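Given the structure is predicted, the values throughout are model-derived calculations rather than measurements. Just so it is clear, the values below take in all heavy atoms, side chains as well, and ignore hydrogens, waters and symmetry mates.
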Amino acid sequence: MSFDFGYIWKTLPLLLTGLKMTVFISVIGIILSLLIGMAGAVIRTLKVPVLSQIVTAYVEIIRNTPLLVHVFFLYFGLPSLGIKLDALTCGILSLALWGGAFAVENFRGGTDNVPKALIESGQSLGLSTWQIVRSIIVPLGFRISFPAFSNTAVSVIKNSAYLTGIGVAEMTFMAVDRMAYDFKTYEILVSIACIYLILIWGTSFLFSIIERKLDFYKQTAERVKTSGRFDQKFAISIPRVDEDSASKS
């Protein structure tokens with residue numbers, strides 16, 4: 001079996017057009033997943049009445065049903081209820097809802113691990129619940145759970161291929177279209193596999209850089225260890241007490 005490199009070169013611009021759509025819907029899906037995940041995690045952590053139960057039901061339904069069912073339900077099922085959305089909107093919405101359900105659990109693991117002493121300190125300083133959420137729970141919970149969320153984000157990119165089923169012109173849709181037209185199955189599948197591999201590797205590398213930037217505690221510990229300034233500041237801020245002079249006075 002011969003491998004037609006010339007055909008790959010000829011179809012590459014078309015696949016890259018699909019890649020642009022894949023990147024677009026993935027980025028929007030990841031951003032919406034992030035927002036849904038953080039909001040859901042805060043609601044579940046604070047145990048907000050009614051909303052907490054709604055978020056729990058949403059997470060259980062989405063996590064225990066296939067993504068393709070969500071895509072088909074939004075595109076083919078909602079018109080029966082009088083709601084008609086175009087394929088691109090349905091695709092982005094289904095990816096966001098899927099990623100958001102997993103992100104809720106990712107971030108809940110982080111927000112649950114925020115030290116209770118910090119929250120109590122905020123309460124003792126007179127901070128409102130919203131100020132505690134904004135200044136303590138969200139920043140620390142985000143840092144703790146970001147590695148888990150990066151896995152969900154990568155899965156959102158890979159699962160964007162499911163949108164082929166409703167006609168969104170992303171990369172897999174373009175590849176399937178060319179296979180049906182040219183019957184160059186082997187060349188097309190190898191091409192999109194390589195492009196997906198590069199895309200996922202690049203995304204994972206980007207998230208690993210962000211993880212290193214967010215590793216606040218490790219960076220602080222390394223700075224203290226290498227500079228030695230912490231000991232100096234600590235010695236200055238707490239003056240020594242002469243026990244003999246203190247007892248005489």
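Note on L16 and L197: separate hydrophobic clusters, where clusters join Ile, Leu, Val, Met, Phe, Trp and Tyr whose side-chain heavy atoms are under 4.5 Å apart, directly or indirectly. One hydrophobic cluster holds both I137 and L118 under the rule that ILVMFWY side chains link at heavy-atom gaps under 4.5 Å. Under the 4.5 Å side-chain heavy-atom criterion for Ile, Leu, Val, Met, Phe, Trp and Tyr, L68 and I61 are members of distinct hydrophobic clusters. Two different hydrophobic clusters hold I198 and F205 under the rule that ILVMFWY side chains link at heavy-atom gaps under 4.5 Å. Taking hydrophobic clusters as Ile, Leu, Val, Met, Phe, Trp and Tyr residues chained together by side-chain heavy-atom distances below 4.5 Å, Y196 shares a cluster with V27.
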Report task. Please step through side-chain contact (heavy atoms from CB on, under 4.5 Å) for the pair R44 and E105, ending with a clear verdict. Result -> CA-CA 10 Å; R44 293 193 67 178; E105 292 301 290; 2.7 Å; yes
Query raised in the report: So S155 and N151, side-chain contact (heavy atoms from CB on, under 4.5 Å) or not? Walk me through it.
Result: CA-CA 6 Å; S155 297; N151 292 329; 5.6 Å; no
Query raised in the report: Where do T56 and Q53 land on the side-chain contact (heavy atoms from CB on, under 4.5 Å) test, with the steps shown first?
Result: CA-CA 5 Å; T56 301; Q53 285 77 16; 5.6 Å; no
Query raised in the report: Between R178 and E187, is a salt bridge (charged side-chain N to carboxylate O under 4.0 Å, His left out) present by the stated rule, with each step listed?
Result: CA-CA 10 Å; R178 295 316 304 172; E187 286 83 353; over 6 Å; no
Query raised in the report: Step by step, would you call F24 with K20 a side-chain contact (heavy atoms from CB on, under 4.5 Å)?
Result: CA-CA 6 Å; F24 173 73; K20 290 179 183 177; over 6 Å; no
Requested in this report: Begin with the C-alpha distance, continue with both residues' side-chain angles, and end with the deciding distance and a verdict on side-chain hydrogen bond (donor to acceptor under 3.5 Å, both in side chains) for N106 and T152.
Outcome: CA-CA 8 Å; N106 295 153; T152 299; 2.7 Å; yes
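For T22 against S160, the heavy-atom pair with the smallest separation is CG2-OG, 3.5 Å. In terms of heavy atoms, V156 sits closest to S33 at CG2-OG, 4.3 Å. Smallest separation of non-hydrogen atoms from F207 and A153: CZ-CB, 3.6 Å. Considering all non-hydrogen atoms of both residues, L32 and A96 come closest at CB-CB, 3.5 Å. Considering all non-hydrogen atoms of both residues, Y58 and A101 come closest at OH-N, 3.1 Å. Contact record, A41 with T111: O-OG1, 4.1 Å, taken as the closest heavy-atom pair.
Heavy atoms from other residues, nucleotides or ligands lying under 6.0 Å from CZ of F142 number more than 12.
Side-chain contact between I30 and L34: absent, with no pair of heavy atoms (C-beta onward) separated by less than 4.5 Å. Proximity of M179 to F183: side-chain heavy atoms (C-beta onward) are nowhere separated by under 4.5 Å. Residues F107 and I144 are not in side-chain contact: their nearest non-hydrogen atoms beyond the backbone lie 4.5 Å or more apart. Within the 4.5 Å cutoff, side-chain heavy atoms of L15 are placed close to those of S191.
Atom CG of L97 is separated from atom CD1 of I92 by 12.0 Å, given to the nearest 0.5 angstrom. To the nearest 0.5 angstrom, L67 atom CG is 6.0 Å from L95 atom CG. The distance from the CG atom of L88 to the CD1 atom of I28 is 9.5 Å, given to the nearest 0.5 Å. In this structure, I166 CD1 and F72 CZ are separated by 8.0 Å, a value rounded to the nearest 0.5 Å. In this structure, the separation between CD1 on I157 and CD1 on I200 is 4.5 Å, given to the nearest 0.5 Å. Taking CE of M38 as the reference point, atom OG1 of T45 lies at 9.0 Å (rounded to 0.5 Å).
A donor-acceptor contact shorter than 3.5 Å is absent between the side chain of D177 and the backbone of F173. The backbone N or O of L85 sits nowhere less than 3.5 Å from a side-chain atom of T89 that would complete a donor-acceptor pair. No side-chain donor-acceptor contact under 3.5 Å links S145 to the backbone of A148. Not one N or O on the side chain of S135 forms a donor-acceptor pair closer than 3.5 Å with the backbone of I132.
Side-chain contact of Y162 with T172: a donor-acceptor pair under 3.5 Å is absent, judged by distance alone.
Salt-bridge formation is not detected for the pair E211/R143: no Lys NZ or Arg NE/NH1/NH2 atom is positioned less than 4.0 Å from an Asp or Glu carboxylate oxygen.
Taking the centre of each ring, F102 and F149 stay at or above the 6.0 Å mark.
Residue pairs meeting the side chain to side chain donor-acceptor pair (under 3.5 Å) criterion with at least one member in residues 62-71, sequence neighbours excluded, are E60-N64, T65-H70.
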